[in-house]
Amino acid sequence: MSDKIDEIIKNHLNVQRDSLLPLLQEIQNELGYLSEESINRIGLSLGLPTSKIYGVATFYDQFRFEPKGRYHIQICHGTACHIEKSSRLIQEAERLLKIKQGQTTRDGMFSLEVVNCMGACSLSPVMAVNEKYFHGIEARNLKEIIENCKVKQV
Ligand code: FES
């Protein structure tokens, strides 16, 4: 995997701190997250302190620093979903899974991501588990969805 990271970095060798985004996005697309190793490799290759790279990456919600869980839960917090109280869904997911958004459960089963719009605003609030969409759900429905993941593929 480190060969792949090096290959991606090689294609971005002239990037500066303020144009790191495409590089970070490409690495995340490849790995599913930004590993410590990938951040270190970027720093070494581009001569940038890792603190600067983390500074850029943590500014954007899109970047993850832990691998995704077997079940990756996305909850939309775009305007339409926010109006339909998606904040409650996010809070309930964090409570049930005992993680915060951007994190993965210790057993690697679940990860939680809050996204801006999932393109189904008229069906808000919207969430997805491994890209299977659920719409019009309430916080009380989350427990059942999570339990179903534990016993069978959703
Ligand atoms: S705002 Fe949630 S799907 Fe568009």
Side-chain angles (χ1 to χ4, degrees), residues 1 4-5 7-9 11-12 15-39 42 48 50-154:
M1 189 52 74
K4 186 66 187 172
I5 296 171
E7 188 184 317
I8 294 169
I9 293 171
N11 293 332
H12 295 264
V15 302
Q16 299 298 314
R17 189 174 79 93
D18 56 355
S19 55
L20 273 173
L21 275 185
L23 169 58
L24 296 173
Q25 285 166 334
E26 203 172 324
I27 288 178
Q28 178 158 287
N29 288 343
E30 183 65 30
L31 301 179
Y33 72 111
L34 297 176
S35 65
E36 191 177 335
E37 182 194 356
S38 65
I39 299 275
I42 292 169
L48 295 172
T50 53
S51 59
K52 298 280 186 197
I53 300 165
Y54 276 113
V56 172
T58 54
F59 183 77
Y60 297 93
D61 289 342
Q62 65 183 287
F63 294 113
R64 302 179 47 76
F65 302 95
E66 295 179 29
K68 286 181 185 175
R70 181 171 170 208
Y71 296 101
H72 185 60
I73 298 174
Q74 295 173 297
I75 300 178
C76 181
H77 199 47
T79 305
C81 290
H82 176 70
I83 289 168
E84 294 299 329
K85 303 185 175 25
S86 60
S87 305
R88 286 191 192 160
L89 288 178
I90 296 165
Q91 285 172 357
E92 182 66 357
E94 289 180 337
R95 189 185 73 79
L96 290 169
L97 298 172
K98 299 181 177 65
I99 56 174
K100 296 288 181 194
Q101 55 178 289
Q103 295 181 330
T104 302
T105 56
R106 278 189 184 187
D107 61 4
M109 277 287 281
F110 295 97
S111 50
L112 179 63
E113 178 183 9
V114 174
V115 296
N116 279 327
C117 180
M118 298 176 77
C121 308
S122 62
L123 302 172
S124 60
V126 179
M127 66 170 279
V129 181
N130 290 354
E131 300 188 11
K132 177 183 177 181
Y133 279 54
F134 297 85
H135 55 81
I137 54 163
E138 297 178 19
R140 62 189 162 86
N141 305 124
L142 263 176
K143 188 170 184 181
E144 187 182 340
I145 292 169
I146 289 169
E147 289 303 318
N148 280 342
C149 291
K150 289 179 182 172
V151 294
K152 61 179 182 177
Q153 188 76 29
V154 291

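Residue indices begin at 1 and follow the sequence shown. When a ligand or atom number is given, it counts from 1 through the structure's own listing order.
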* To do: Could you go through the side-chain contact (heavy atoms from CB on, under 4.5 Å) check for Q103 and L97 one step at a time?
  => CA-CA 10 Å; Q103 295 181 330; L97 298 172; over 6 Å; no

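- Between H77 and H82, the ring planes are perpendicular. Angles over 60° get that label, and only those under 30° would be called parallel.
- The backbone N or O of S38 sits less than 3.5 Å from a side-chain atom of S35, completing a donor-acceptor pair.
- When H72, Q101, Q62 are each tested for a side-chain hydrogen bond (donor to acceptor under 3.5 Å, both in side chains) with E113, only one passes: H72.
- Applying the 4.0 Å criterion to heavy atoms of G119 picks out, from ligand 1, the atoms 3 (S).
- Using a cut-off of 2.8 Å, one finds that H82 contributes no N/O/S atom close to atom 2 (Fe) of ligand 1.
- Every atom of ligand 1 is numbered from 1 in the order shown, and the set under 4.0 Å from a heavy atom of C117 is 1 (S), 3 (S), 4 (Fe).
- More than 12 heavy atoms of other residues, nucleotides or ligands lie within 6.0 Å of CG in N11, so this atom counts as buried by the packing criterion.
- In this structure, A120 is part of the shell of residues with a heavy atom less than 4.0 angstrom from ligand 1.
- Taking 2.8 Å as the criterion, C76 does not count as a coordinating residue of atom 4 (Fe) of ligand 1, since none of its N, O or S atoms falls below it.
- The atoms of ligand 1 that sit less than 4.0 Å from any heavy atom of A80 are 1 (S).
- Each of the following atoms of ligand 1 lies closer than 4.0 Å to a heavy atom of G78: 1 (S).
- Within 6.0 Å of atom NE2 in H12, more than 12 heavy atoms from other residues, nucleotides or ligands are found, so the atom counts as buried in its surroundings.
- Backbone or side-chain N, O or S atoms of C121 reach atom 4 (Fe) of ligand 1 at under 2.8 Å.
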